[in-house]
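Working notes, structure below.
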Amino acid sequence: VQLQASGGGLVQPGGSLRLSCKASGSMFSIDGMGWFRQGPGKERALVAEITLSGRTNYADSVKGRFTISADNVNNMLYLQMDSLKPEDAAVYYCHADRVTMYTGSNIFDVWGQGTQVTVSS
């Protein structure tokens, strides 16, 4: 199982970016996916998460600005980021809590590689 994140880049304050994460492998389902971020000198922290049923949860700092969504058929995870602020600059990582394979086995705590988001004028 691999998670491949993309969509990062340089954006001005107030701008928008959309991050994508593609899950690949012989998986049956993924329960609990999310985006984390790690800024310079900071610990990795949850940004937003979504369950298989579509329930979402956001960090207070991004509520009303970021929207997480998932395409369970195509194993895609998205993060729409609007009204970006300089403090949103970080490396963003996608994460899966539990991946159920077609074999019936479960893989827990899967991380993708990061994608850099820079917010600067």
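These numbers come from the heavy atoms of this one structure, side chains and all, not from hydrogens, waters or symmetry mates. Counting begins at 1 with the first residue of the sequence.
- Across Asn72 and Leu52, no two heavy atoms sit closer than the pair ND2-O, 3.6 Å.
- The distance from atom CD of Gln12 to atom OG of Ser121, rounded to the nearest 0.5 Å, is 6.5 Å.
- For the atom pair Met33 CE and Ser69 OG, the distance stands at 11.0 Å (nearest 0.5 Å).
- You'll find the ring centres of Trp111 and Phe36 inside the 6.0 Å limit.
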Item to check | Check against salt bridge (Lys or Arg N to Asp or Glu O under 4.0 Å), Asp88 and Arg37 | outcome: CA-CA 9 Å; Asp88 294 318; Arg37 67 185 180 188; 2.9 Å; yes
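- A 6.0 Å sphere centred on CD of Glu43 holds no more than 12 heavy atoms belonging to other residues, nucleotides or ligands.
- Closest approach of Cys94 and Leu3 over heavy atoms only: SG-CB, 3.6 Å.
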Checklist entry - Passes side chain to side chain contact (heavy atoms under 4.5 Å, CB included), Leu84 versus Phe66? Steps please. => result CA-CA 9 Å; Leu84 281 160; Phe66 291 11; 3.7 Å; yes
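- Going from atom CG of Asp82 over to atom CZ of Arg18 covers 11.0 Å, rounded to the nearest 0.5 Å.
- Contact detail for Ser16 and Gln80: the closest heavy-atom pair is CB-NE2, 3.9 Å.
- Between the side chains of Thr118 and Ser120, not a single donor N or O lies within less than 3.5 Å of an accepting N or O.
- No donor-acceptor pair under 3.5 Å is formed between the side chain of Lys22 and the backbone N or O of Leu77.
- Across all non-hydrogen atoms, the minimal contact from Ile30 to Ala23 is CD1-CB, 3.5 Å.
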Checklist entry - Could you go step by step and tell me if Val110 and His95 meet the side chain to side chain contact (heavy atoms under 4.5 Å, CB included) rule? => result CA-CA 6 Å; Val110 182; His95 174 265; 5.9 Å; no
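- A donor-acceptor distance shorter than 3.5 angstrom exists from the side chain of Tyr58 to the backbone of Ile68, with no hydrogens or angles considered.
- Linking Ile, Leu, Val, Met, Phe, Trp and Tyr residues whenever their side-chain heavy atoms come within less than 4.5 Å places Val62 and Val117 in a single cluster.
- Residues Tyr78 and Val91 are members of separate hydrophobic clusters, defined by side-chain heavy-atom contacts under 4.5 angstrom among Ile, Leu, Val, Met, Phe, Trp and Tyr.
- For the pairing with Trp35, the side-chain contact (heavy atoms from CB on, under 4.5 Å) check across Leu46, Leu79, Ile50 returns one residue only, Leu79.
- Taking 4.5 Å as the limit, every side-chain heavy atom of Met81 sits out of range of all side-chain heavy atoms of Arg65.
- When all heavy atoms of Ala5 and Thr115 are compared, the closest pair comes out as CB-CG2, 4.2 Å.
- With a 4.5 Å cut-off on side-chain heavy atoms, Met101 and Val1 count as touching.
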Item to check | Criterion side chain to side chain contact (heavy atoms under 4.5 Å, CB included) on Met27 and Asn75, from CA distance to verdict | outcome: CA-CA 9 Å; Met27 65 199 76; Asn75 295 321; 3.8 Å; yes
Next on the checklist: What verdict does the salt bridge (Lys or Arg N to Asp or Glu O under 4.0 Å) test give for Arg98 and Asp31, after you've listed the backbone C-alpha separation in whole Å, the side-chain angles of each residue and the deciding distance to 0.1 Å?
Outcome noted: CA-CA 5 Å; Arg98 182 183 69 183; Asp31 194 6; 3.7 Å; yes
Checklist entry - Checking side chain to side chain contact (heavy atoms under 4.5 Å, CB included) for the pair Gln38/Tyr93: CA distance, chi angles, key distance, verdict? => result CA-CA 8 Å; Gln38 187 167 17; Tyr93 300 88; 4.2 Å; yes
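- Across Met76 and Ser20, no two heavy atoms sit closer than the pair CE-CB, 4.0 Å.
- Remark: Asn106 CG to Asp97 CG distance equals 11.5 Å, nearest 0.5 Å.
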